[in-house]
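Report on one structure; see the data block that follows.
Values below: every heavy atom of this structure, side chains too, minus hydrogens, waters and symmetry copies. Residue numbers count from 1 along this sequence.
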Amino acid sequence: MYRLDSIITQGAERFPENTAIAFYDHKITYRELAEGVETLAHTLRSLGITHEHRVGILMPNCPQAVCAYFAGLSCGAVVVPANPLLKPAELAYIWGDANISVVLTVAPLAPGATIAQESLPNLKHVLVVDPAQPLSALTLENLAPQVTPVIPTVAPVVRGDNDCAVIIYTSGTTGHPKGAMLSHKNLVRNVEQVQEFLQFQLSDSFLTVLPLFHSFAMTVCQNLVLSEGCTMVLMEQFSPVKAYQTMLEQGVTIMPGVPAL
């Protein structure tokens, strides 16, 4: 069976002490990443999130964004990343169209998310994470202390190969953005295809400066890297000098990019 979230559980089993994410001076092992994902997944389940729900992610590149992605999948939910540069009205359209139940974001983006939430009765929670905190802080007590934990009234369903895992929205340049529904098997097959093409090694490190809400970075900089025990060297935004310094300091061997970089 092709389950996208199995990337994290298998990584913790196969490469527990390998560095999964390097973020500034902080390094996170595959074991620590899996623990962070499970902590956040438990938080989401405590809010009643199951396979019936969609989880929105509004974050820059940071370890918590990676946790949010896989924690949502671990709950059986569909993950919906969004561009952090979108305005509240644009977010409201996407989240309303996708019927988002909970959004995970960071403090600088929380005001816009809250404005968008006002017109969305089904969006019950906007959870604000702190990239400076450890992944163990992704608990209900920290993210939603005012909420009483609930027991889901619907039994969780194991996702199948062709079930939707992620919805990526188009840019909307020719009209309203449209959600592209990507299945577990679709995204796992993408990883296998790129792996076959690149023929990279366990020791490789990928510079992850492209935004993770985009399908290219999501596949090549995140899912591919974590499926093979390599290292994601995360940067929040691109700066030529900073990128060059980071590549030297972190021993980056592969840089997925776009022509503008």
Side-chain angles (χ1 to χ4, degrees), residues 4 7 19-24 56-66 68-70 79-87 89-91 93-94 97-98 105-106 108-109 112 131 165-183 185-261:
L4 193 57
I7 287 174
T19 299
I21 298 174
F23 187 60
Y24 296 106
I57 302 175
L58 184 68
M59 296 192 207
N61 286 3
C62 62
Q64 287 75 8
V66 179
Y69 180 92
F70 288 104
V79 173
V80 185
N83 185 342
L85 298 179
L86 293 179
K87 297 178 174 60
E90 296 170 316
L91 291 172
Y93 176 81
I94 289 175
D97 185 68
T105 188
V106 293
L109 302 175
V166 179
I167 300 178
I168 297 286
Y169 273 80
T170 62
S171 60
T173 53
T174 59
H176 285 304
K178 298 173 179 62
M181 302 172 70
L182 308 175
S183 70
K185 186 175 182 178
N186 170 191
L187 293 170
V188 172
R189 284 297 199 190
N190 283 167
V191 166
E192 294 173 348
Q193 291 157 356
V194 180
Q195 177 190 359
E196 178 68 21
F197 179 79
L198 287 182
Q199 293 290 307
F200 55 89
Q201 306 297 318
L202 182 66
S203 58
D204 280 318
S205 295
F206 287 63
L207 185 68
T208 304
V209 66
L210 296 176
L212 290 175
F213 70 82
H214 192 276
S215 57
F216 175 40
M218 177 187 69
T219 295
V220 180
C221 300
Q222 175 182 271
N223 297 347
L224 174 72
V225 176
L226 297 178
S227 70
E228 294 302 316
C230 299
T231 300
M232 298 175 65
V233 180
L234 274 174
M235 290 184 65
E236 291 182 272
Q237 58 186 3
F238 180 73
S239 158
V241 172
K242 184 62 178 176
Y244 175 68
Q245 293 172 338
T246 300
M247 286 190 282
L248 290 178
E249 293 168 0
Q250 300 288 350
V252 168
T253 56
I254 298 176
M255 176 186 166
V258 294
L261 303 189

Sequence-distant partners of A20, side-chain contact (heavy atoms from CB on, under 4.5 Å), two or more places apart:
Y30, L33, L226
Y93: what forms a ring pair (Phe, Tyr, Trp, His ring centres under 6.0 Å) with it, not counting sequence neighbours?
H176
Please list, chain by chain and in numerical order, all residues satisfying salt bridge (Lys or Arg N to Asp or Glu O under 4.0 Å) with E192, sequence neighbours excluded.
R189
Which value, rounded to the nearest 0.5 Å, describes the distance between L224 atom CG and L198 atom CG?
6.5 Å
Rounded to the nearest 0.5 Å, what separates atom OG1 in T208 from atom CE in M218?
13.5 Å
Please indicate whether K178 has more than 12 foreign heavy atoms, meaning atoms of other residues, nucleotides or ligands, lying under 6.0 Å from its NZ.
yes
For P211 and A217, the nearest pair of non-hydrogen atoms, with its separation, is O-CB, 3.1 Å
A82 and L91 have their tightest heavy-atom pair at CB-CD2, 4.0 Å
Tell me, please, which residues at least two apart from M181 pass side-chain contact (heavy atoms from CB on, under 4.5 Å).
R54, C164, I167
Among residues at least two apart in sequence or on other chains, which ones pass side-chain contact (heavy atoms from CB on, under 4.5 Å) with S205?
T231, V233
I'd like to check V225 versus I254 (side-chain heavy atoms, cut-off strictly below 4.5 Å). Are they in contact?
no
Could you give the distance from OG (S183) to CG (L4), rounded to the nearest 0.5 Å?
9.5 Å
Closest contact, heavy atoms only, P131 versus V106:
CG-CG1, 3.9 Å
Pairwise side chain to side chain donor-acceptor pair (under 3.5 Å) hits with a residue in residues 213-227, at least two apart
Y69-N223
So how far is it from T105 OG1 to L109 CG, rounded to the nearest 0.5 Å?
4.5 Å
Please identify each residue that fulfils side chain to side chain donor-acceptor pair (under 3.5 Å) with E236, with sequence neighbours left out.
Y24
Identify, with sequence neighbours excluded, every residue that meets side chain to side chain donor-acceptor pair (under 3.5 Å) alongside S203.
none
Pairwise side chain to side chain donor-acceptor pair (under 3.5 Å) hits with a residue in residues 238-261, at least two apart:
D204-T253
Nearest heavy-atom approach of P256 to F216 is CB-CZ, 4.1 Å
Once rounded to the nearest 0.5 Å, what's the spacing between atom CE of M235 and atom CG of L210?
11.0 Å
Does some side-chain heavy atom of P81 sit less than 4.5 Å from a side-chain heavy atom of L212?
no
Non-neighbouring partners of F213 that pass ring pair (Phe, Tyr, Trp, His ring centres under 6.0 Å), sequence neighbours left out
none
Is the number of heavy atoms from other residues, nucleotides or ligands under 6.0 Å of Q201 CD greater than 12?
no
How would you list, by chain and number, every residue that makes a side chain to side chain donor-acceptor pair (under 3.5 Å) with N83, sequence neighbours excluded?
none
Set of residues satisfying side chain to side chain donor-acceptor pair (under 3.5 Å) with respect to E90, sequence neighbours excluded:
none
